[in-house]
Student: 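Here's a structure for you.
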Amino acid sequence: MAEPTTHTRPLTRSLDPLPGESLGGYLLRLSHRLRLSPIQLARRIGTAAPSATRLGRRLLLDLDVDGFARVTRLSSDEALSLTLVPWQDRYPPIARALRRPVSGSRDDWLFNDLPRYCPQCLAGDGSPIQQDHGGSWKKFWHLPIVFVCPDHRVFLQHRCPQPHELTRSITDLITQTADTTLQPAQCRLPAVGQSRSQGRAVLSCGVRLDQLEHSGGIRPDPPMLNTQLRILDQLGPDCPPGDAVSYFSDLRVLVALLCAS
């Protein structure tokens with residue numbers, strides 16, 4: 001990850017983070033407000049090297065919090081809240097990833113293979129700032145243990161409705177980082193029929209993910225919703241960190257036993 005340079009000046013305009021927002025979502029909203037592409041913004045604030053063309057999910061672990069806070073006019077706590085680091089003493093995969101080098105082995109319990117989202121969360125709360133720049137891409141959507149939106153009580157969507165041919169998991173924090181034309185809730189996968197290998201000129205899909213209706217009318221039943229709420233409670237401040245670590249360790253063993261059987 002590129003370290004911010006000492007001469008990087010604070011932005012003249014910024015945004016306050018939304019509750020539970022992820023770093024990727026914040027960069028999408030801020031780049032939309034400033035009319036920059038996400039990669040242009042990341043280079044400007046020192047989050048990416050001048051020659052970088054991609055933003056990896058590792059930024060959720062390795063962000064230079066103090067430098068990012070200074071340039072975006074946030075407090076250090078606000079900047080840190082955009083990352084997964086505050087959960088390191090509760091969710092073991094995060095702690096293990098922080099101890100490993102960037103090239104370390106992949107942990108299937110750390111990140112989803114495909115982005116998950118709730119259309120209603122992306123649509124925002126109707127306030128002027130969210131009407132202009134969208135709602136929150138939440139950071140717990142990155143974790144495989146999250147499958148339901150507790151606010152809207154719907155299963156998270158896990159892909160665009162367009163028939164994209166995805167042959168591998170998505171490891172980028174933001175895809176199509178050079179595209180300046182998209183609203184934060186628009187799909188950034190290459191348009192159907194185009195390949196990433198075609199370079200930066202590849203068109204983005206552009207489907208508005210915040211305008212999708214809940215598909216199939218299937219909603220989580222009360223036991224499933226309660227299970228999701230119990231899982232999320234382990235990440236909250238009311239649960240002792242040691243209890244959370246034990247909970248997630250037991251959960252991982254249970255899932256392994258179920259898969260083995």
Side-chain angles (χ1 to χ4, degrees), residues 16-26 29 57 60-61 77-78 80-98 107-127 130 134-159 170 173 184-185 209-259 261:
D16 293 329
L18 299 177
E21 187 168 31
S22 75
L23 176 63
Y26 182 79
R29 290 194 310 116
R57 290 184 300 192
L60 291 166
L61 303 168
D77 286 344
E78 286 175 323
L80 185 65
S81 73
L82 298 170
T83 74
L84 299 181
V85 175
W87 293 335
Q88 64 175 311
D89 60 346
R90 298 174 176 279
Y91 192 60
I94 296 174
R96 286 193 292 269
L98 288 169
D107 189 330
D108 290 337
W109 281 68
L110 182 57
F111 290 123
N112 288 315
D113 288 339
L114 297 173
R116 293 179 181 173
Y117 62 93
C118 167
Q120 291 170 269
C121 288
L122 295 184
D125 61 6
S127 61
Q130 294 191 37
S136 176
W137 282 91
K138 298 187 176 179
K139 67 177 183 178
F140 63 61
W141 294 346
H142 288 284
L143 303 180
I145 57 173
V146 180
F147 51 91
V148 167
C149 172
D151 294 329
H152 300 106
R153 304 196 170 197
V154 296
F155 288 111
L156 297 179
Q157 305 273 6
H158 70 279
R159 64 188 309 161
I170 295 175
L173 183 64
L209 303 177
D210 59 338
Q211 296 177 359
L212 301 179
E213 294 184 3
H214 183 59
S215 60
I218 301 175
R219 292 180 177 269
D221 59 22
M224 191 172 295
L225 178 61
N226 289 336
T227 297
Q228 181 67 94
L229 292 174
R230 283 198 301 272
I231 290 173
L232 292 175
D233 284 345
Q234 309 304 310
L235 300 175
D238 294 335
C239 177
D243 290 352
V245 169
S246 297
Y247 179 90
F248 288 122
S249 298
D250 292 344
L251 181 63
R252 189 163 189 170
V253 170
L254 178 60
V255 171
L257 290 173
L258 290 172
C259 292
S261 64

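Heads up: numbering here begins at 1 and tracks the sequence.
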Student: Checking Asp151 now: which residues fulfil side-chain contact (heavy atoms from CB on, under 4.5 Å) with it, not counting sequence neighbours?
Tutor: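 side-chain contact (heavy atoms from CB on, under 4.5 Å) check on Asp151 returns Lys138, Cys149.
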Student: For residues 236-249, please give each side-chain donor-acceptor pair under 3.5 Å, one per line with the distance, not counting sequence neighbours.
Tutor:
from, atom 1, to, atom 2, distance (Å)
Ser246, OG, Gly242, O, 3.2
Ser249, OG, Val245, O, 2.8

Student: Nearest 0.5 Å, what's the CG-CD distance between Asp125 and Gln130?
Tutor: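 Answer rounded to 0.5 Å: 3.5 Å.
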Student: Going from CD on Gln120 to CZ on Arg153, what distance comes out if it is rounded to the nearest 0.5 angstrom?
Tutor: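 With rounding to 0.5 Å, CD (Gln120) is 12.5 Å from CZ (Arg153).
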Student: Check Leu235 against Trp87 and note the closest heavy-atom contact, atom names and distance.
Tutor: O-NE1, 3.5 Å
Student: Quick one: list whatever passes salt bridge (charged side-chain N to carboxylate O under 4.0 Å, His left out) with Asp89, sequence neighbours left out.
Tutor: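 Salt bridge (charged side-chain N to carboxylate O under 4.0 Å, His left out) list for Asp89, sorted by chain: empty.
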Student: For Ile94 and Leu110: C-alpha separation, side-chain torsions, deciding distance, then whether side-chain contact (heavy atoms from CB on, under 4.5 Å) applies.
Tutor: CA-CA 7 Å; Ile94 296 174; Leu110 182 57; 3.8 Å; yes
Student: Do Gln228 and Pro220 make a side-chain contact, defined as non-hydrogen atoms from C-beta onward lying under 4.5 Å apart?
Tutor: no
Student: Could you note down all residue pairs passing salt bridge (Lys or Arg N to Asp or Glu O under 4.0 Å) where residues 244-258 supplies at least one of them, sequence neighbours left out?
Tutor: Asp107-Arg252
Student: Could you tell me whether the side chain of Thr83 reaches within less than 4.5 Å of the side chain of Leu61, counting heavy atoms only?
Tutor: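 No, every pair of side-chain atoms sits at 4.5 Å or beyond.
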Student: Which atoms form the tightest heavy-atom contact between Lys139 and Ser81, and what is the distance?
Tutor: NZ-O, 2.8 Å
Student: Would you name the heavy atoms of His152 and Arg219 that are closest together and state the gap between them?
Tutor: O-NH1, 3.3 Å
Student: Taking only residues two or more places apart in sequence, or in another chain, which ones meet Phe147 in a ring-ring contact (aromatic ring centres under 6.0 Å, His included)?
Tutor: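 Not a single residue meets the ring-ring contact (aromatic ring centres under 6.0 Å, His included) criterion with Phe147.
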Student: Hey, which of Leu23, Leu173, Leu209 is the one that makes side-chain contact (heavy atoms from CB on, under 4.5 Å) with Trp137?
Tutor: Leu209
Student: Test of understanding: with side-chain contact (heavy atoms from CB on, under 4.5 Å), list the residues that count as partners of Glu21, not counting sequence neighbours.
Tutor: Pro17, Leu18, Tyr26, Arg29, Leu82, Ser136
Student: So do the side chains of Pro115 and Ile170 get within less than 4.5 Å of each other, counting heavy atoms only?
Tutor: yes
Student: Please report the interatomic distance CG(Leu229) to CD(Gln234), rounded to the nearest 0.5 Å.
Tutor: 11.5 Å
Student: I need the Ile231 CD1 to Asn226 CG distance, nearest 0.5 Å.
Tutor: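 Atom-to-atom, Ile231:CD1 and Asn226:CG are 11.5 Å apart.
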Student: For a quick test of reading the model, state the closest non-hydrogen atom pair linking Phe155 to Ile218 and the distance between them.
Tutor: CD1-O, 3.8 Å
Student: Using the side-chain contact (heavy atoms from CB on, under 4.5 Å) rule, take Leu84 and Tyr91 through it: C-alpha gap first, then chi angles, then the decisive distance, then the call.
Tutor: CA-CA 9 Å; Leu84 299 181; Tyr91 192 60; over 6 Å; no
Student: How about Phe111 and Leu60: do any of their side-chain heavy atoms sit closer than 4.5 Å?
Tutor: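 Result yes, sub-4.5 Å side-chain heavy-atom pair found.
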